[in-house]
Trainee: 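Before I ask anything, let me first share the structure, which is written out below as structure tokens.
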There are 2 protein chains.
Amino acid sequence: MIPSERMFHKGAPPTGGHRARKKERTRHAIEDAAIELFSERGYDATTIDDIAERAQIAPSTFFRYFPSKADVILGDQNERLPALQRAIIDRPASDSAIDALRAALQEQWVAAIDPDRTVRITQVIASSPVLSGHASAVGHGWQIAASQALARRKGLDDADQKCWMAATVALSTFGEAVKTWIDDGCEGDLAAAVDRGFDTLLALCVEWTS
Amino acid sequence: MIPSERMFHKGAPPTGGHRARKKERTRHAIEDAAIELFSERGYDATTIDDIAERAQIAPSTFFRYFPSKADVILGDQNERLPALQRAIIDRPASDSAIDALRAALQEQWVAAIDPDRTVRITQVIASSPVLSGHASAVGHGWQIAASQALARRKGLDDADQKCWMAATVALSTFGEAVKTWIDDGCEGDLAAAVDRGFDTLLALCVEWTS
DNA sequence: CCGAAATCGGAGTTGACTCTCAAAATCTAG
DNA sequence: CTAGATTTTGAGAGTCAACTCCGATTTCGG
């Protein structure tokens, strides 16, 4: 009796069981179906029923896996944040704020993502205001995290305006570089494109202060 | 007969008539009711019926004035764009890109808006992903416009990467300065806060290039 | 084979947005 | 000022899709 004492607890489900594996497969099927359809006909023009049909599930099952339509695309973008912060803090003190951010973004983001998937997701996000909104909230979270990390690296207050502004500028540079790379058809290396963006920024800094 | 030949044409309605004035009044009533309600209980929690009731109109009348719920807030943000571009281009050649943008934004935006209204609208926008998405699209439009203006000022190609990046950095600096000012309770002068933001940016440029 | 968990299927809710038609309100001419 | 044309509004029904709920059924694990 009292099955909950003999059964698995929510926090520690078996990762290898048939059940868990099937759930993973279903989850992936839904994600894949959704991204495909979003790419084909756009986010707003795709209904839950469409996704369910292609993923071979009942419409109501969709919501067992994702709390809302938007969450299929925006799954845990904040997962990488702690690693990013650590990478920023661990940069040698000789790095300027912009160099630290550039290096941290290169190793924690550019090197860690699946470019193909990222490109498709980015395009889908750009196709709908709702998703753009969620994405800009995510970007805001990154900015706060980066700003904090920069401040800690120098032993400054979390709200230090220079750190805040450095994070703003670096992340918008980064974002634009990525977006430009995608808009230009993903030619060449993403890492190189990001580097080019930061180089352009530094060249502008020279112009502006001379 | 054939009244359309004797009546006003669509392109040139009388601006002073009773009719036109009442329409303007109704439009304002809707806008005011909407912004009030959005501020009170949030964008998503406000229905068209709520707005209609407070504005004393029928729900269906709402859509005769605004094509969608979002448009009550996001009315013609692009109206000021041509003036902004002209202001950028007309800046003396001795101005750097960042100085030109700073000055143009100060005179065409900071000096031209109603701060109270802008603050309320900004807060409402931040309260909903849909609106944030639309707003970031508007911001993107500004960026393109600013970038073009910068390029023309120097006789460069519209797609020049330095101009593009300068616009990116300047506008995100500007946006953050405004947001910070609002988050801090609108203490002091908005123009001064914007100037402080740009000063911080330039100080960072010095740090990064030394 | 038995109990737990996941799924199905379908009905139900909500709110944005559309459409229509008849009832005001407003304009212009005489 | 009045009559007739026109525009605007009100009221209500109707669509569509996200999201919720629930009872019945299937699938899985021991």
Side-chain angles (χ1 to χ4, degrees), chain A residues 1-10 12-27 29-30 34 37-38 41-53 55-74 128-131 134, chain B residues 1-27 29-30 34 37-38 41-74 128-131 134:
Chain A
M1 288 295 153
I2 310 183
S4 62
E5 289 195 304
R6 299 164 52 203
M7 302 294 300
F8 318 111
H9 289 77
K10 282 185 183 175
T15 48
H18 233 185
R19 223 130 163 162
R21 241 175 306 137
K22 187 175 183 185
K23 268 188 111 170
E24 269 313 298
R25 243 184 300 129
T26 305
R27 183 182 203 84
I30 297 175
L37 286 165
F38 292 163
R41 55 180 88 158
Y43 178 80
D44 296 313
T46 304
T47 72
I48 302 287
D49 286 11
D50 294 336
I51 300 171
E53 191 184 356
Q56 316 224 39
I57 55 163
S60 57
T61 302
F62 176 92
F63 293 101
R64 268 172 234 281
Y65 284 86
F66 300 95
S68 86
K69 189 178 164 188
D71 287 292
V72 195
I73 291 288
L74 306 161
S128 159
V130 205
L131 295 181
H134 281 290
Chain B
M1 287 295 155
I2 311 183
S4 62
E5 291 195 305
R6 300 164 54 204
M7 304 291 299
F8 316 112
H9 290 76
K10 283 184 182 175
T15 49
H18 235 187
R19 231 159 180 138
R21 241 175 306 138
K22 189 176 183 185
K23 268 189 112 171
E24 268 314 295
R25 244 184 299 129
T26 306
R27 181 180 205 84
I30 297 176
L37 286 166
F38 292 162
R41 55 180 86 157
Y43 178 80
D44 296 313
T46 304
T47 72
I48 301 286
D49 287 10
D50 294 337
I51 300 171
E53 190 184 356
R54 184 164 304 196
Q56 315 222 43
I57 55 162
S60 57
T61 301
F62 176 93
F63 293 101
R64 287 201 183 92
Y65 284 85
F66 301 95
S68 85
K69 189 179 165 188
D71 286 292
V72 195
I73 291 289
L74 306 162
S128 160
V130 205
L131 294 181
H134 282 290

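Below, read A as the first sequence line, B as the second, and so on, with proteins coming before strands; counting in each chain starts at 1.
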Trainee: Examine the base of dT7(D) for any acceptor or donor lying under 3.5 Å from a partner atom in the side chain of Arg64(B), and report the outcome as yes or no.
Mentor: no
Trainee: Take atom CG of Asp49(A) and atom P of dC19(D), then tell me their distance rounded to the nearest Å.
Mentor: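 After rounding, the reported distance stands at 12 Å.
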Trainee: State, with a plain yes or no, whether a side-chain heavy atom of Arg54(B) is found less than 4.5 Å away from one of Asp50(B).
Mentor: no
Trainee: Test for a donor-acceptor pair under 3.5 Å between the base of dG15(C) and the side chain of Thr47(B), counting only N and O atoms.
Mentor: no
Trainee: Which residue lies toward the 5' end of DNA chain C, Thr61(A) or Ala70(B), if each is placed at its nearest nucleotide?
Mentor: Thr61(A)
Trainee: With the side chain of Tyr65(B) defined as its heavy atoms from C-beta on, choose the nearest nucleotide among dA18(D), dA11(D), dT9(D).
Mentor: dT9(D)
Trainee: Whole angstroms only, please: what is the CD1-C1' distance between Ile57(A) and dT27(D)?
Mentor: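 After rounding, the reported distance stands at 16 Å.
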Trainee: Can you tell if the side chain of Glu53(A) reaches within under 4.5 Å of the side chain of Asp49(A), non-hydrogen atoms only?
Mentor: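 The answer is no; the side chains never approach within 4.5 Å.
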Trainee: So do Arg27(A) and Glu24(A) actually touch side chain to side chain, heavy atoms under 4.5 Å?
Mentor: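 Yes, at least one pair of side-chain atoms sits under 4.5 Å.
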Trainee: Please report, rounded to the nearest Å, how far the P atom of dA16(C) is from the CG atom of Leu131(B).
Mentor: 12 Å
Trainee: Could you give the NZ-to-C1' distance, from Lys23(A) to dT27(D), as a whole number of Å?
Mentor: 13 Å
Trainee: Nearest whole Å is fine: how far is dT26(D) P from Lys22(A) NZ?
Mentor: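 Whole-Å distance recorded here is 13 Å.
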Trainee: Could you state the NZ-C1' distance from Lys69(B) to dA18(D), rounded to the nearest angstrom?
Mentor: 14 Å
Trainee: Would a distance-only check, ignoring hydrogens and angles, find a side-chain to backbone donor-acceptor pair under 3.5 Å from Tyr43(A) to Pro129(A)?
Mentor: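 No: the side chain of Tyr43(A) does not pair with the backbone of Pro129(A).
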Trainee: Taking atom P of dT8(D) as reference, at what distance in whole Å does atom CZ of Arg19(B) sit?
Mentor: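 Checked: the CZ to P distance equals 6 Å.
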Trainee: Just how far, in rounded Å, is C1' of dG15(C) from CZ of Phe62(B)?
Mentor: 13 Å
Trainee: Within the distance-only criterion (no hydrogens, no angle test), does the side chain of Tyr65(A) pair as donor or acceptor with the backbone N or O of Val72(A) below 3.5 angstrom?
Mentor: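 Judged by distance alone, no pair lies under 3.5 Å.
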Trainee: Can you tell which of dC19(D), dC17(C), dC21(D) lies closest to the side chain of Ser60(A)?
Mentor: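 My answer, after comparing the listed nucleotides, is dC21(D).
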Trainee: Looking at dC27(C), dA16(C), dC8(C), which one has an atom nearest to any side-chain atom of His18(B)?
Mentor: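 For His18(B), the side-chain atoms sit closest to dC27(C).
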